[in-house]
Novice: 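Below: one structure in structure tokens.
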There are 2 protein chains.
Amino acid sequence: MRTNNLSKGVCPVRSVLDGIGGKWSILILDILGEKGTMRFGEINKVLGDISQKMLTSTLRLLEADGIVSRKMYAEIPPRVEYELTELGRDLLPNIRNLIAWGHKNIEVIQRNRESFKKNI
Amino acid sequence: MRTNNLSKGVCPVRSVLDGIGGKWSILILDILGEKGTMRFGEINKVLGDISQKMLTSTLRLLEADGIVSRKMYAEIPPRVEYELTELGRDLLPNIRNLIAWGHKNIEVIQRNRESFKKNI
DNA sequence: CAGTATCCGGATGGATACTG
DNA sequence: CAGTATCCATCCGGATACTG
């Protein structure tokens with residue numbers, strides 16, 4: 001399926017993974033998968049320490065890939081709702097597995113990091 | 001399990017995901033999982049367009065987490081071999097699933113990106 | 001061979017102010 | 001409310017040169 005050359009031109013999967021490999025994408029997908037539909041401010045609040053700028057650009061990226069949908073309501077004040085598309089819901093289990101793995105192994109990894117620091 | 005607050009202090013899983021969320025980590029884990037044991041130069045060659053610097057630092061990061069092991073042989077010229085640890089092999093299926101998902105949906109995503117660009 | 005050291009440009013990401 | 005625009009510091013990552 002894959003050749004033994006992973007350079008960018010030969011392995012286009014990299015461009016896909018780059019999209020969801022961003023600093024915030026996984027978190028956003030996870031929380032959207034859990035809540036179903038969320039407003040901009042709601043996501044912003046749940047994530048806690050993301051800036052408006054990063055949230056906007058990450059949502060745009062996911063929207064461009066067709067992983068997240070964006071619905072704007074012509075109201076005052078404006079309301080914008082985000083949710084996973086079918087593609088996004090298909091991706092979700094993979095994300096969830098990764099997060100679950102992280103949870104399961106977080107103590108081990110933190111110990112590994114500690115002992116690695118000492119053996120320098 | 002998880003609260004509704006994903007900020008860094010509250011959700012330590014983020015630090016774990018940050019490690020494997022690097023630009024090259026997924027690729028390296030995948031290829032190591034396939035080949036079993038690889039030398040530095042071999043990985044460098046397969047990845048094609050990674051710099052020595054990035055390969056070194058990514059390998060160090062994965063090593064610190066205990067996901068990759070590093071064995072150095074006192075020879076001239078030196079030989080260093082990398083392979084997945086048990087923890088790394090446990091992580092591998094998740095990585096593989098993500099890559100498989102990327103392969104499966106790459107055409108759709110590329111089309112989505114195209115049409116998104118036009119509708120601006 | 002498998003790195004380390006250094007330099008450097010560009011991308012990333014935060015803070016702030018402003019707008020429909 | 002949900003952004004956009006701008007400025008700015010930091011980090012990322014490539015190129016190059018050097019070393020055990």
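In what follows, chains are A, B, ... by sequence order, proteins preceding strands, each numbered from 1.
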Novice: Please convert DNA chain C into dot-bracket. A pair counts if it is Watson-Crick or G-U wobble with both distances under 3.5 Å; crossing pairs go in [ ] and bases paired with another strand get |.
Specialist: ||||||||||||||||||||
Novice: Within this structure, what is the CH2-CG distance for the pair B:Trp24 and B:Leu61, rounded to the nearest 0.5 Å?
Specialist: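 The CH2 atom of B:Trp24 sits 15.0 Å away from the CG atom of B:Leu61.
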Novice: A:Lys23 has an atom NZ; how far is it from atom P of C:dA11, in whole Å?
Specialist: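 From A:Lys23 NZ to C:dA11 P: 19 Å.
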Novice: Going by the rule salt bridge (charged side-chain N to carboxylate O under 4.0 Å, His left out), which residues pair with A:Lys53 if we only count those two or more places apart in sequence or in a different chain?
Specialist: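 None.
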Novice: Would you confirm whether A:Thr85, through its side chain, and A:Ile67, through its main-chain N or O, come within 3.5 Å as a donor-acceptor pair?
Specialist: yes
Novice: With sequence neighbours left out, write down each residue that passes side-chain contact (heavy atoms from CB on, under 4.5 Å) with B:Thr56, or none if nothing qualifies.
Specialist: B:Phe40, B:Arg60
Novice: Considering heavy-atom distances to DNA chain D, does B:Ser51 or A:Arg39 have its closest nucleotide positioned more toward the 5' end?
Specialist: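 The residue mapped nearer the 5' terminus is A:Arg39.
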Novice: Between A:Met54 and B:Arg60, which residue's closest nucleotide on DNA chain C lies nearer the 5′ terminus?
Specialist: B:Arg60
Novice: Give the residues of residues 66-77 of chain B touching DNA chain D, defined as any heavy atom closer than 4.0 Å, sorted by residue number.
Specialist: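 When residues 66-77 of chain B is checked for heavy atoms under 4.0 Å from DNA chain D, there are no hits whatsoever.
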Novice: Expressed as a whole number of angstroms, how long is the span from A:Leu55:CG to C:dA15:C1'?
Specialist: 16 Å
Novice: What are the 5'-most and 3'-most nucleotides of DNA chain D lying under 4.0 Å from any heavy atom of chain A?
Specialist: D:dC1 to D:dC7
Novice: Under the salt bridge (charged side-chain N to carboxylate O under 4.0 Å, His left out) rule, what pairs show up with a residue in residues 106-115 of chain A, not counting sequence neighbours?
Specialist: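 Listed once each, the pairs are A:Arg113-B:Asp65, A:Glu114-A:Lys117.
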Novice: What integer distance in Å separates A:Asp18:CG from C:dA11:C1'?
Specialist: 13 Å
Novice: Run the side-chain contact (heavy atoms from CB on, under 4.5 Å) test against B:Ile26 and tell me which residues pass, sequence neighbours left out.
Specialist: A:Leu17, B:Ile95, B:Leu98, B:Ile99
Novice: I'd like to check the side chain to side chain donor-acceptor pair (under 3.5 Å) partners of A:Asn97; sequence neighbours left out, ordered by chain and number.
Specialist: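 So A:Asn97 forms no side chain to side chain donor-acceptor pair (under 3.5 Å) with any residue.
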Novice: Using atom types as modelled and distance alone, determine if a side-chain donor or acceptor of A:Thr58 lies under 3.5 Å from a backbone N or O of A:Ser25.
Specialist: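 No; zero donor-acceptor contacts below 3.5 Å.
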Novice: Who passes side-chain contact (heavy atoms from CB on, under 4.5 Å) against A:Asn105, sequence neighbours left out?
Specialist: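 A:Asn105 satisfies side-chain contact (heavy atoms from CB on, under 4.5 Å) with A:Trp101, A:Ile109, B:Leu87, B:Asp90 once adjacent residues are dropped.
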Novice: Residues two or more places apart in sequence or in another chain: which of them pass side-chain contact (heavy atoms from CB on, under 4.5 Å) with B:Leu92?
Specialist: B:Leu84, B:Arg96
Novice: In a table with atom names and distances, give each donor-acceptor pair under 3.5 Å that connects a side chain of residues 74-83 of chain A to protein atoms at least two apart or in another chain.
Specialist:
unit_1: A:Glu75; atom_1: OE1; unit_2: A:Arg79; atom_2: NE; d: 3.3
unit_1: A:Glu75; atom_1: OE2; unit_2: A:Arg79; atom_2: NH2; d: 2.8
unit_1: A:Arg79; atom_1: NH1; unit_2: A:Glu81; atom_2: OE2; d: 2.9
unit_1: A:Glu81; atom_1: OE1; unit_2: A:Tyr73; atom_2: OH; d: 3.3
unit_1: A:Tyr82; atom_1: OH; unit_2: A:Arg70; atom_2: NE; d: 3.3
unit_1: A:Glu83; atom_1: OE1; unit_2: A:Thr37; atom_2: OG1; d: 2.6

